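Each remark here refers to the structure printed beneath this line.
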Amino acid sequence: MYKKKLVWLVTLLWAWAGAWAEGDSLMYRIWLKDKAATEYSLDCPEEYLSRRAIERRERQHLVVDSTDLPVCQAYVDKIRRQGVRVVVTGKWENFVTVACDDSTKMARIAELPFVRSAELVWKSSPAYWEVKDVKRDSLENRLTVHPDSIYGTATRQIALSGGDKLHEAGFRGNGMVIAVIDAGFHNADRMEAMRNIRVLGTRDFVEPGSDVYSKGSHGMAVLSCMAMNRPEVMTGTAPEASYWLLRSEDERSEQPVEQDYWAAAVEFADSVGVDVLNTSLGYYVYDDPSQNLRLRDLDGRHELMSRQASHIADKGMALVCSAGNAGMESWKKITTPGDAENVLTVGAIDIKGVLAPFSSIGNTADGRIKPDVVAVGLKSAVMQTNGNQGWANGTSFASPIMCGMVACLWQACPELTAKELLELVRRSGDRASYPDNIYGYGIPDLWRAYQSYQAR
């Protein structure tokens, strides 16, 4: 048993080691047929799942199934021996992503009896390697104090959905673990205002081992909407929750391999016992136009990210994600993984409840209501990389504002399953009786949701 556990941990390290190297010019996603060569058993989940992950499933009466079994190590080893480098593996959808500098190697891999198919997900370009790391911004830490409210600049975006009332009742996210899957978290480790955020750890799935705090700033601003805990400066929607900061977005290009990184990040979040995930990422257009999504692809199943997202509630976690910012573009629609089932897709409004013009709309290709709900995403209060308060626009910020409140609601309603939690949020929307493809179920009232839970 100990030996198997050790093998599993080594496998995880291999899966997260070396997702990036300048010598590589191509990456492929290899779909596997089965897990027939596994040395693990569904009867012994403790050999490949953490105790917290198992307890989360047990609490919600969820069974461990074949998707929980690790990718067969024997298959991974045979693929590696073809002269490629394993980038990540994904057990829920059963794939291996590899990097190489010679496409002819894929012909040999495709002939392996356990391989179903392979597809190109990343291609190098000279411009890609010319992009340098972001230099750390200088910190000013000139914070504006708002003595009239503990929420500071974030007062209205929290009060609009009753998050302040949840906080007053003692539900501020304590005991909840939230994963933020995003781009970089620039300077979040050095800002005076963010020093008391409860960060459990970081992981970079694009460049394993790199410093996520020296990358882009998008993830940092997203994090601030939830995690800030500086009364009268800025208080987020889940100020007492604990956070994992996971980087899956490669800002140097837009290619499908970022879905592979994201899938690996989600499975890592499961493994460390996360309860709620926020991702303010969405994809529909790539550097190679032939890989762009079509509107008919928004069915919750076409893209890897969407299928992966649809597994999350079945593992006992809740995913909150941004709807996308294509409302003023020809595309207009939501982006993957916002088309997935059993996730909470969040559109953007202003503080008066009017839809932000850039907010992506639904429905899905198969007719499901999207977005699910809306939150403030036009002039959202965020932290800036210089350590000062600021404002930002995007469904990227509506999502974490809602995510933190969802975590607090789950803290208040611990007997709910992930799916029940998301449905409770939808039912509390001000358009729940007549949802549409613009506002979804509307602006949720999380305090009213809690009261309805108490009254049941």
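Residue numbers count from 1 along this sequence. This is a predicted model, so every value here is computed, not measured.
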Task: Which residues share a side-chain hydrogen bond (donor to acceptor under 3.5 Å, both in side chains) with W410, sequence neighbours left out - done: none
Open item on the list: So I197 and N229, do their side chains get closer than 4.5 Å, heavy atoms only?
Closed with: no
Open item on the list: Between D297 and R294 (salt bridge meaning N to carboxylate O under 4.0 Å), is one present in this structure?
Closed with: yes
Task: Test item: side-chain donor near acceptor, T279 and W262, under 3.5 Å - done: yes
Open item on the list: Any non-hydrogen side-chain atom of R368 less than 4.5 Å from a side-chain atom of N363?
Closed with: no
TODO: Examine the side chains of S271 and S50 and answer whether a donor and an acceptor come within less than 3.5 Å of each other.
DONE: no
Task: Side chains of V115 and K33 in contact at under 4.5 Å (non-hydrogen atoms) - done: no
Task: Gap between atom NZ of K215 and atom NE2 of H186 - 0.5 Å precision - done: 11.0 Å
Task: Residues, nucleotides or ligands: over 12 heavy atoms within 6.0 Å of K165 NZ - done: no
TODO: State whether a side-chain donor-acceptor pair under 3.5 Å links Q259 with E303.
DONE: yes
Task: Residues D314, K419: salt bridge by 4.0 Å N-O rule - done: yes
Open item on the list: Test of understanding: with ring pair (Phe, Tyr, Trp, His ring centres under 6.0 Å), list the residues that count as partners of F185, not counting sequence neighbours.
Closed with: none
- [ ] Locate the shortest heavy-atom distance separating V374 from P444; write the atom from each residue and the value.
- [x] O-CD, 3.5 Å
- [ ] Taking the side chain as every heavy atom from C-beta outward, state whether E254 and E249 have any atom pair closer than 4.5 Å.
- [x] yes
Open item on the list: Can you tell me if K105 has over 12 outside heavy atoms packed within less than 6.0 Å of its NZ?
Closed with: yes
Open item on the list: For a 4.5 angstrom cut-off between non-hydrogen side-chain atoms, does S360 reach P371?
Closed with: no
Open item on the list: Can you tell whether the side chains of R252 and D287 come within less than 4.0 Å, N to carboxylate O?
Closed with: no
Task: Side chain proximity check, V382 to F397, heavy atoms < 4.5 angstrom - done: yes
- [ ] Determine, step by step, whether I312 and V343 satisfy the side chain to side chain contact (heavy atoms under 4.5 Å, CB included) criterion, reporting the C-alpha distance in whole Å, the side-chain angles of both residues, the deciding distance to 0.1 Å, and the verdict.
- [x] CA-CA 8 Å; I312 289 173; V343 307; 5.7 Å; no
- [ ] Going by the ring-ring contact (aromatic ring centres under 6.0 Å, His included) test, name the single residue among W447, Y453, Y450 that passes it with F171.
- [x] Y450
Open item on the list: Please find the pair of heavy atoms, one from L160 and one from I349, that lie closest to each other, and give the distance.
Closed with: CD2-CD1, 3.7 Å
- [ ] Enter the distance from D68:CG to E267:CD here, rounded to the nearest 0.5 Å.
- [x] 9.0 Å
Task: Donor-acceptor side-chain pairing of N278 and S280 below 3.5 angstrom - done: yes
Open item on the list: Can a donor-acceptor pair be found, under 3.5 Å and without considering hydrogens, that links the side chain of R56 to the backbone of L62?
Closed with: no
Task: Minimal non-hydrogen separation, I158 against T235, with atom names - done: CD1-O, 3.2 Å
Task: R57 side-chain N/O to A53 backbone N/O, donor-acceptor pair under 3.5 Å - done: yes
- [ ] Show your reasoning for whether side chain to side chain contact (heavy atoms under 4.5 Å, CB included) applies to M27 and V87.
- [x] CA-CA 8 Å; M27 292 190 198; V87 175; 4.2 Å; yes
Task: With sequence neighbours excluded, residues passing ring pair (Phe, Tyr, Trp, His ring centres under 6.0 Å) with Y284 - done: W331
TODO: Side-chain contact test, heavy atoms from C-beta onward, threshold under 4.5 Å: evaluate it for L200 versus Y243 and give yes or no.
DONE: no
Open item on the list: Tell me whether T345 contacts the main-chain N or O of G338 through its side chain, where contact means a donor paired with an acceptor under 3.5 Å.
Closed with: yes
TODO: Run the numbers on L344 and M402 for side chain to side chain contact (heavy atoms under 4.5 Å, CB included), then give the verdict.
DONE: CA-CA 9 Å; L344 198 71; M402 182 54 57; 4.0 Å; yes
Task: Closest non-hydrogen atom pair between K35 and N94, with its separation - done: CE-OD1, 3.7 Å
Task: Carboxylate-amine/guanidinium contact R301 D299, below 4.0 Å - done: no
Open item on the list: Ignoring hydrogens and geometry beyond distance, is a side-chain donor-acceptor pair present between K333 and T364 at under 3.5 Å?
Closed with: no
Open item on the list: So, taking the atom named SG in C225 and the one named CD1 in I401, what distance separates them when rounded to the nearest 0.5 Å?
Closed with: 4.5 Å
Open item on the list: Closer than 4.0 angstrom, basic N to acidic O: yes or no for R427 and E420?
Closed with: no
Task: Heavy-atom side-chain proximity of E119 to Y28 below 4.5 angstrom - done: no
TODO: Using only heavy-atom distances, determine whether the side chains of D101 and S25 contain a donor-acceptor pair under 3.5 Å.
DONE: no
Open item on the list: Could you measure the distance from the CD atom of Q82 to the OG1 atom of T104? Nearest 0.5 Å is fine.
Closed with: 11.0 Å
- [ ] Using a strict cut-off of less than 4.0 Å between a Lys/Arg side-chain nitrogen and an Asp/Glu carboxylate oxygen, indicate whether R431 and D436 qualify as a salt bridge.
- [x] yes
Open item on the list: Whether the side chain of S380 engages the backbone of V376 through a donor-acceptor N/O pair (distance < 3.5 Å, no angle test) should be reported.
Closed with: yes
TODO: Give a yes-or-no answer on whether the side chains of E207 and Y261 include a donor-acceptor pair shorter than 3.5 Å.
DONE: no
TODO: Indicate whether the side chain of R198 and that of N174 have a donor and an acceptor atom separated by less than 3.5 Å.
DONE: yes
- [ ] Check step by step if side chain to side chain contact (heavy atoms under 4.5 Å, CB included) holds for M106 and I30.
- [x] CA-CA 9 Å; M106 298 309 301; I30 301 168; 3.8 Å; yes
TODO: With rounding to the nearest 0.5 Å, note down the distance linking CG in L298 to OG in S306.
DONE: 7.5 Å
- [ ] Considering non-hydrogen atoms only, spot the tightest contact between C403 and I178 and give its length.
- [x] SG-CG2, 4.3 Å
- [ ] Under the salt bridge (charged side-chain N to carboxylate O under 4.0 Å, His left out) rule, what do D270 and R52 come out as? Steps first, then yes or no, please.
- [x] CA-CA 9 Å; D270 176 27; R52 186 176 171 104; over 6 Å; no
Task: Distance-only side-chain donor-acceptor flag, S428 / D445, under 3.5 Å - done: no
Open item on the list: Enumerate the ring-ring contact (aromatic ring centres under 6.0 Å, His included) contacts for residues 68-114, please, sequence neighbours excluded, ordered by first and then second residue.
Closed with: W31-F95, Y75-F114, W92-H311
Task: NZ/NE/NH1/NH2 to OD/OE distance under 4.0 Å, E423 and R426 - done: yes
Task: Non-hydrogen atoms of M305 and T336 that approach each other most closely - done: CB-OG1, 3.8 Å
Task: Residue pair E415, R59: steps toward the salt bridge (charged side-chain N to carboxylate O under 4.0 Å, His left out) verdict - done: CA-CA 8 Å; E415 296 179 0; R59 189 167 59 250; over 6 Å; no
Task: Counterpart residues, side-chain hydrogen bond (donor to acceptor under 3.5 Å, both in side chains), relative to E240 (two or more places apart) - done: R172
Open item on the list: Can you list everything that forms a ring pair (Phe, Tyr, Trp, His ring centres under 6.0 Å) with Y439? Sequence neighbours excluded, please.
Closed with: none
Task: Salt bridge present between D260 and R29 (N-O < 4.0 angstrom) - done: yes
Open item on the list: Under a 3.5 Å distance rule, please check whether D430 uses its side chain to pair with a backbone N or O of I443 as donor and acceptor.
Closed with: yes
